[in-house]
2 protein chains.
Amino acid sequence: MKNVADLAGVGVKTVSRVINQERYVSADTIARVMRAAEQLQYQPDVQAGNLRRADRRTDTLGLLVGSVANPFSAAVHRAVEDAAIQRHVAVFASSLDDDPERERASVEAFLRRRVDGLILTTIQRSQAYLGPQLEQGMPVVFVDRKPNGLIADTVLTDNLEGAARGTRHLLAAGHRRIAFLGDSEEIYTAKERKRGYLDALRLEGVAPDPRLVIENLGEEAQAELAVNELLALDDPPTAIFSAQNLITIGAIIALRAQGASERVALVGFDDVPMASLLSPAVTVVAQDPSAIGAIAARRIFERLDGESEPARDFIVPTRLIKRGSGEIRPA
Amino acid sequence: MKNVADLAGVGVKTVSRVINQERYVSADTIARVMRAAEQLQYQPDVQAGNLRRADRRTDTLGLLVGSVANPFSAAVHRAVEDAAIQRHVAVFASSLDDDPERERASVEAFLRRRVDGLILTTIQRSQAYLGPQLEQGMPVVFVDRKPNGLIADTVLTDNLEGAARGTRHLLAAGHRRIAFLGDSEEIYTAKERKRGYLDALRLEGVAPDPRLVIENLGEEAQAELAVNELLALDDPPTAIFSAQNLITIGAIIALRAQGASERVALVGFDDVPMASLLSPAVTVVAQDPSAIGAIAARRIFERLDGESEPARDFIVPTRLIKRGSGEIRPA
DNA sequence: GTGAAAGCGCTAACAT
DNA sequence: ATGTTAGCGCTTTCAC
């Protein structure tokens with residue numbers, strides 16, 4: 001900057017004024033400074049500037065997601081990026097990978113870099129460690145999971161209603177023996193989805209059969225085994241509601257292997273890639289990760305712009321996509 | 001930092017020493033400083049420190065990919081992140097979205113933030129604008145596409161050999177009329193894949209039929225139309241080699257709609273999600289995005305650590321995954 | 001409309 | 001083993 005100033009024959013502050021497009025600089029001076037900057041290939045240093053700047057903004061955001069390689073997270077990321085780029089804000093993205101250590105480490109790394117705000121999918125038992133930041137007014141939005149030990153803006157899929165809706169769809173097709181395949185009971189979203197399933201059954205006067213409720217399914221292979229068990233029952237289910245992505249895939253594989261995919265109905269929570277090209281095509285209760293990311297980013301920027309209303313939950317509705325597997329009727 | 005120093009009753013430099021784990025600080029002093037830091041919830045500011053630091057590193061990397069929401073890019077991203085996190089380097093990720101404007105804007109944003117290195121998928125006709133950075137020794141690695149007007153490290157899928165291999169696989173099954181469905185002719189990877197296809201035919205003594213080569217297919221719908229045209233030919237192809245992800249999906253849809261999916265063989269370049277659950281399951285020449293990301297990151301860090309050998313191309317091999325669609329024999 | 005000086009949070013260089 | 005001073009690239013404050 002000093003060099004540019006010297007070359008243009010002005011003071012550093014004038015260069016600063018031109019770079020930041022402040023007023024009260026003559027057109028002539030602007031032109032001279034621009035030319036000098038061009039000639040020296042001057043790139044302003046955002047970080048250095050933000051050091052002294054009144055609002056102390058770094059124009060960066062920290063985003064922590066399950067894994068940047070997972071489609072849901074990637075869609076959230078993309079939406080956040082699109083919102084950020086318009087404000088010239090850059091996004092640090094980091095993957096959590098179900099590792100509580102990594103959560104703390106990533107958040108610390110963000111904090112050390114003085115991000116303006118945080119969008120987090122969390123896994124630790126408590127997020128109380130973020131208390132000081134919240135008090136200092138740093139915008140923090142939680143995504144997909146509620147924080148523990150902390151009150152903050154949160155963007156959530158309507159897990160309860162979504163799961164109920166999927167279940168009701170199967171009930172409406174005439175099913176009464178509907179199995180539930182769920183994720184780890186410790187996860188908030190998993191609990192909500194199970195609750196939605198049970199609520200829907202209850203409302204229809206169907207007593208839940210505990211043998212049809214299988215939880216703590218972490219990956220495809222476990223879901224496959226679970227479906228095999230279900231089909232081996234004396235009185236097997238005529239339909240399956242699978243409460244998560246990978247579980248749905250596992251269920252598809254198992255149903256197909258057993259030759260039951262055209263007989264046993266299946267509705268999955270969360271969309272599955274290529275779902276419409278499978279046979280039968282897979283009916284799902286789809287989440288809206290783009291909306292989640294967009295809302296989270298919007299909230300961060302609102303807070304940054306001074307919005308100070310109390311923390312809220314933003315509930316994002318789901319969408320039932322009927323493709324075939326969920327419309328199979330009981331024999 | 002000043003506050004911590006005061007509270008601990010030491011000078012700022014001593015705090016700095018403790019934070020950076022430099023030697024020559026007594027255990028007792030370390031303890032006092034740590035306690036003070038804890039008490040004040042002190043978070044060092046990485047950026048401020050790097051301002052004066054000799055190596056001027058910001059411990060950040062800029063990553064520009066097609067779209068963080070696309071599975072290939074996401075896998076590259078993930079691999080880069082995993083390498084970076086071990087060095088306490090944070091990654092700015094940005095999506096290109098086939099928009100040359102966005103390429104420039106993102107790179108500028110990275111540069112303004114003084115990233116230590118750049119990993120780029122590019123689209124602009126020329127990357128000469130990065131010349132100054134390269135000369136100044138900033139590590140830049142291009143990924144998936146070669147840069148134009150610039151010599152720099154590049155990590156590439158073996159497009160030529162991969163496409164040849166996919167084509168040879170179809171030839172080996174006895175096909176002689178093999179169609180080629182390609183992306184925009186302007187894209188480097190698309191050109192290479194076409195070349196691989198033609199080379200394989202030539203080597204086998206099969207004269208390419210220009211009516212079987214359809215290019216500039218940007219999305220699924222266009223690929224569908226192309227396949228419909230091909231099947232309507234007097235002498236239709238018995239096999240299709242589709243040179244890109246979305247094109248493969250379009251081809252699957254069209255083949256299925258025409259009832260030809262069990263009759264016409266299909267090999268796709270780049271893996272397709274859920275490929276093994278489709279019927280027929282899709283044979284592909286798979287790329288290895290994780291390897292690409294890992295190699296790119298490794299190269300950046302090698303350069304940062306002083307490696308100064310001339311720029312090289314790193315060629316990442318493909319893998320033929322036989323799943324069914326590519327093993328269909330001609331009638 | 002413009003510039004000089006101080007200072008943002010930190011590290012380098014040089015004390016002691 | 002520890003402290004002091006200058007300075008990184010910029011913005012602020014205030015003077016002209």
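In what follows, every chain begins at residue 1, and chains take the letters A, B, ... in the order their sequences are listed.
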**Q.** A:R145 bridged to A:E103 by N-O distance under 4.0 Å
**A.** no
How many whole angstroms separate atom [atom1] of [X] from atom [atom2] of [N]?
X	N	atom1	atom2	result
A:L40	D:dG9	CG	P	13 Å
A:K13	D:dC16	NZ	P	18 Å
B:R57	D:dG9	CZ	P	16 Å
B:M1	C:dG7	CE	C1'	16 Å
B:N50	C:dA12	CG	P	10 Å
B:D45	D:dC8	CG	C1'	13 Å

Think [X] has a side-chain N or O under 4.0 angstrom from the OP1 or OP2 of [N]?
X	N	answer
A:R56	C:dG9	yes
B:S16	C:dT11	yes
B:T29	D:dT2	yes
A:Y24	C:dG3	no

Q | Upstream residue (5' side of DNA chain C) when B:V15 and A:R17 are each assigned their closest nucleotide | A | A:R17
Q) NA contact type, A:V10, heavy-atom cut-off 4.0 Å: base, sugar-phosphate, or nothing? A)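 Sugar-phosphate contact only - A:V10 comes under 4.0 Å of backbone atoms but never of a base.
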Q | Expected output: side-chain A:T122 to main-chain A:Q124 donor-acceptor under 3.5 Å | A | no
Nearest of [options] to any side-chain atom of [X]?
X	options	answer
A:R52	C:dT2, D:dT4, C:dG7	C:dG7
B:T14	D:dG3, C:dC8, D:dG7	D:dG3
B:R114	D:dC10, C:dT2, C:dA12	D:dC10
B:P44	C:dC10, D:dC10, C:dG1	C:dC10
B:R53	D:dC10, D:dG9, C:dT11	C:dT11

